[in-house]
Amino acid sequence: MARSQKRKNEDSSARLSRRAIVLGGLMTTTCLVLAGRMRYLQLERADDFRLLAEENRINLRLLPPARGVIYDRKGTILADNAPNYRITMVREDAGDVDLVLARLSRLVNLDRDKLDRARDEMMSRPPFVPVTIADRLTWEEFSLVSVNAPALPGITPDVGLSRNYPLGGDFSHVVGYVGPVSDYYLETTGDTDPVLQIPDFQVGRYNVEARLEDVLRGKAGSKRVEVNAAGRVMRELDRSAAQQGADVQLTIDAYLQNYAEARLAGESAGAVVMDTQSGDILALASAPTYDPNLFVRGIPSSIWQTLNEDPYRPLANKATQGLYPPGSTYKMVVALAALEAGLIDPNETVFCGGSMQLGNRRFHCWKRGGHGRMNLVQGLAQSCDVYYYDLAQRVGIEAISAMAKKFGCGVRHEVPLSGVATGIAPTMEWKLANRGEPWVMGDTLNASIGQGFVLNSPLQLAVMTARLASGLALEPRLIRSIDGVEPNYDPVTSLDVSPANLAIIREGMFEVSNGERGTALSSRTVLEDYLIAGKTGTSQVRNITAAERAAGVIRNEDLPWERRDHALFVGYAPAHAPRYAISLIVEHGGGGSAAAAPLARDILLYAMFDGLPPLEAYPANQRRSVQERHDAMQLLPRRGSTDAPSSNGAGMSRA
Amino acid sequence: MSFSLYQINTVPSGWRKVLYLNWPLVLLLSIVACIGFMMLYSVAGGSMEPWVMPQAQRFAIGMTAMFVIAMIPIAFWRLVSGLGYAVSLILLLYVEFFGTVGMGAQRWLDLGPFRLQPSELAKITIVMVLAAYYARIDSAKTSHPLYILPPLVLILIPVFLTLKQPDLGTALLLLLGGGAVVFAAGVHWAYFATLIAAGGATVFAVFASRGTEWQLLKDYQFRRIDTFIDPTQDPLGAGYHITQSQIALGSGGFSGRGFMEGTQSRLNFLPEKHTDFIFTTLAEEFGFIGASSLLFIYLLIVALCIWTALSTKDRFASLLSLGIAATFFLYFAINMAMVMGLAPVVGVPLPLVSYGGTAMMVLLAAFGLVQSAHIHRPR
């Protein structure tokens with residue numbers, strides 16, 4: 001019995017040992033599996049995981065580049081980066097958030113809504129993330145906060161950069177503006193520059209700011225920081241500085257631009273002043289203007305609506321985007337086409353009886369009673385329409401439009417502005433393609449006085465005038481230098497036009513401003529070296545019916561504003577040694593000689609004198625009113641009078 | 001008879017017992033605990049606080065307990081095992097109603113300076129009571145169905161209670177630890193085969209039913225099972241832990257980033273870095289060498305316990321040592337499998353390394369039982 005008991009015990013003991021070994025084997029196998037997994041993770045895939053750990057650990061933070069500064073031709077700053085004084089707050093450092101905010105609101109004026117939003121943001125984000133409480137503080141407010149920093153735990157005064165346009169509205173039509181990066185911007189441009197991810201980053205949205213975005217933007221710098229799982233920055237590992245955007249110098253003269261805008265103010269108008277030797281655009285004005293700084297900060301919708309609904313269309317750039325029938329300012333091109341074709345003798349005369357019959361249509365001269373016998377110079381000086389009707393029939397539209405294009409009309413000029421208009425120099429083919437009708441002689445007659453299908457922008461008329469004045473194939477230039485280097489402009493060549501013929505045209509233009517019967521005589525200058533040559537234009541925006549003509553054409557003053565004629569003037573000065581060319585339009589201004597010529601004369605004088613001209617330059621009977629106008633104008637203070645002369649020059653020493 | 005008497009007579013007594021302790025086991029346990037201190041020091045950013053000092057104190061208490069338990073004859077422990085099991089059941093029930101809620105589950109019993117986790121205690125007492133049970137019954141009847149029933153009930157009661165907490169890891173450990181004792185006791189393998197087959201069939205049936213008319217679980221329950229099995233499906237939720245811990249492990253490479261150089265743990269990418277996921281820090285800082293060394297030391301500890309089990313002729317001591325070896329093995333195997341992405345994340349600490357008082361002291365006490373079995377073994 002004891003024996004069998006012992007036997008049984010040994011049996012169970014042996015079984016237990018067997019089972020124990022089985023268990024041990026199972027455990028060892030499991031350990032081998034674990035070791036195999038370790039080997040897989042730590043040896044075979046070590047590199048992958050090492051990379052992932054680095055991605056976890058290291059965060060790339062972009063450093064915004066400073067945007068390139070825009071200067072005028074003399075170094076006046078048109079667009080720069082102003083410090084944006086901000087206050088940020090870190091919740092965990094503040095302790096009692098409400099107490100600190102209450103103290104802060106005693107120091108600076110805080111917007112209630114914005115404050116509440118900032119508080120919500122602070123509470124919803126990790127406690128160490130800085131949240132902007134207020135921005136665009138004045139320097140006084142900013143220093144007040146800085147001085148009181150010990151009483152404001154968690155508050156950090158901070159300086160960012162924001163675009164600033166010191167001359168405000170004067171350059172909205174040239175420099176344009178920047179704005180925040182919108183989804184629309186990203187979609188339409190396909191721009192994938194990582195710099196756009198930086199919060200509050202600004203991109204050029206309009207005009208030079210937009211067209212030279214690549215140049216002005218610069219390259220983002222970066223810093224690598226080690227962050228923990230919650231995103232808190234533990235330390236900075238290294239950084240590469242941001243590469244500042246290139247500075248751009250425009251050909252514009254800020255003071256001339258300022259004067260031009262001031263002179264146009266109150267009208268819906270546009271003007272372009274060009275250098276007749278280089279093609280540099282010295283002024284490109286459009287009135288009314290708007291303050292581009294409004295757009296930088298995000299324009300309030302009420303202001304935007306006001307701008308958008310204004311009948312004078314302040315948002316439109318009339319100098320480059322506006323297209324107008326050039327009216328009589330087109331006559332030089334017509335006359336030159338005839339001269340170049342050898343079809344007329346300048347001394348040959350045409351009789352103007354006030355109108356010309358073509359088929360069953362009657363084409364009227366602006367002067368009801370007619371001009372009598374007119375030669376070319378007289379026809380130009382007195383702007384006789386009938387003379388040009390006669391000429392046009394002989395020359396034909398093709399030669400006129402070819403000459404117009406040679407002088408830059410109906411041709412798109414490459415200037416870095418938004419929405420530059422192409423205009424129309426109509427041909428027979430053009431009409432068939434665009435109107436589906438064949439060209440008729442009446443169209444040619446209309447075109448000969450710059451009406452009908454002819455459309456030009458003031459920029460094109462300025463190019464035309466500069467080419468007439470110089471005989472050079474000038475192209476308009478807006479960029480003087482980028483980062484101190486002049487762009488590769490083609491050398492200026494002479495126009496393929498007979499100098500003798502050009503001289504005849506210039507004589508006609510001289511007579512317009514200085515001749516006894518010239519249409520712009522009242523807008524002349526009287527100093528010998530500062531005389532002007534030009535051409536007035538009045539272009540209809542409505543048809544004058546036969547009935548109205550019979551009853552007497554309604555005077556512009558009696559028409560509603562939007563049905564009045566456009567007033568134009570093109571010209572150059574000094575008349576005998578041209579340096580400046582101008583084109584100017586006053587929308588619905590009435591007659592060119594009354595509404596446009598005086599403005600153009602004043603701007604040309606300002607350009608010639610590089611400042612307000614002496615009263616002696618004006619005809620004696622106008623001096624008093626000119627003086628009054630000058631006194632009333634609020635112009636940019638001239639450099640050198642109050643400012644230190646080299647304050648801007650230092651910035652341009654690179655240029 | 002005389003042979004066995006002789007053997008019993010050679011059992012040491014008095015202070016001589018100390019010489020007969022399984023000193024290699026003591027050494028290995030101390031090494032593991034020291035590794036634990038190092039890792040706790042590292043994850044605290046190079047500081048003794050807040051984890052190393054309390055952990056060292058508990059280790060000292062636990063070691064003392066181990067020695068005291070080792071000195072007491074193993075026969076005594078067999079006598080009290082039923083009582084110990086009853087006490088741990090009562091405590092489990094007590095925390096069910098009055099326990100302190102921590103980490104989303106009722107686990108702790110606040111005893112003033114101490115916080116006791118009865119579920120940790122239960123892991124050892126279940127092994128004890130099962131070993132005592134099988135030492136008592138006729139070994140010929142272990143596979144008799146009637147004799148299968150009591151151990152089944154003994155296992156399932158605490159499993160049910162811990163599942164209710166809910167503490168899946170502990171329930172799993174209790175089930176498998178108890179199962180190991182039952183297996184070692186010699187219950188016919190057909191029972192285990194049937195159980196595994198039945199379990200497998202159930203799981204298969206449940207998954208096969210998915211998307212059919214007789215679907216056994218609701219869709220959201222299936223989805224929960226999905227993320228439980230494969231947490232990478234939910235990379236910012238349940239998967240975050242496992243993804244980050246694998247990154248930490250893998251980036252350790254062969255030799256590791258160096259002590260205190262682990263970026264994943266230092267920068268807080270690792271969850272529970274001082275408790276359940278402490279192995280990842282070890283693997284990140286000491287690489288494959290460090291991780292596999294720890295695994296090897298663990299395996300040695302298990303081997304020493306099995307050796308004790310094999311070298312004693314006392315059935316209770318043998319089963320107890322095996323059960324404790326199995327429980328200890330389950331601790332580190334489940335923990336490592338979990339952090340390496342081989343098993344779902346269930347709360348099981350890395351034994352003697354993870355920060356946690358009860359687990360460490362209970363484990364050391366359990367090794368005290370193994371030591372007692374070692375010293376008092378009939379030779």
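Residue numbers begin at 1 in each chain, while the letters A, B, ... track the order of the sequences. Every heavy atom of this structure was used, including side-chain atoms; hydrogens, water molecules and symmetry mates were not.
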Euclidean distance, [Y] [atom2] relative to [X] [atom1], rounded to 0.5 Å:
X        : Y       : atom1 : atom2 : answer
B:Leu249 : A:Leu41 : CG    : CG    : 6.0 Å
B:Ser251 : A:Arg45 : OG    : CZ    : 12.0 Å
B:Lys313 : A:Ser13 : NZ    : OG    : 6.5 Å

For a 4.5 angstrom cut-off between non-hydrogen side-chain atoms, does [X] reach [Y]?
X        : Y        : answer
B:Phe329 : A:Thr30  : yes
A:Met38  : B:Met336 : yes
A:Cys31  : B:Phe332 : yes
B:Glu284 : A:Gln42  : no
B:Thr142 : A:Arg15  : yes
B:Leu342 : A:Leu34  : yes

In terms of heavy-atom proximity below 4.5 Å to chain A, should [X] be classed as side chain, backbone, both, or neither?
X        : result
B:Leu299 : side chain
B:Ile306 : side chain
B:Ala248 : neither

(message) Looking at every heavy atom in both B:Ser318 and A:Leu16, which two are closest together, and how far apart are they?
(response)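 Distance-wise, the nearest heavy atoms are OG-CD2, 3.1 Å.
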(message) Looking at every non-hydrogen atom in both residues, tell me the closest pair between B:Ala184 and A:Leu23 and how far apart they are.
(response)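 In terms of heavy atoms, the two residues are closest at CB-CD1, 4.1 Å.
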Among the options [options], pick out the one with the most heavy-atom pairs lying under 4.5 Å from chain A.
options                                : value
B:Ala291, B:Gly252, B:Ser292           : B:Ala291
B:Gly287, B:Ala337, B:Ser321, B:Ala309 : B:Gly287
B:Leu322, B:Leu310, B:Leu295           : B:Leu295
B:Ala185, B:Ala283, B:Ala303           : B:Ala283

Near [X] [atom1], under 6.0 Å, is it more than 12 heavy atoms from other residues, nucleotides or ligands?
X        : atom1 : answer
A:Tyr40  : OH    : no
B:Phe192 : CZ    : yes
A:Arg136 : CZ    : yes
B:Tyr147 : OH    : no

(message) Report which part of A:Arg39 has an atom under 4.5 Å of a heavy atom belonging to chain B: side chain, backbone, both, or neither.
(response)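 The answer is both parts of A:Arg39.
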(request) Give a yes/no verdict on a cation-pi contact between A:Arg19 and B:Phe183, requiring under 6.0 Å between NZ or CZ and the six-membered ring centre and an angle within 45° of the axis. (result)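 Yes, A:Arg19 lies over the aromatic ring of B:Phe183.
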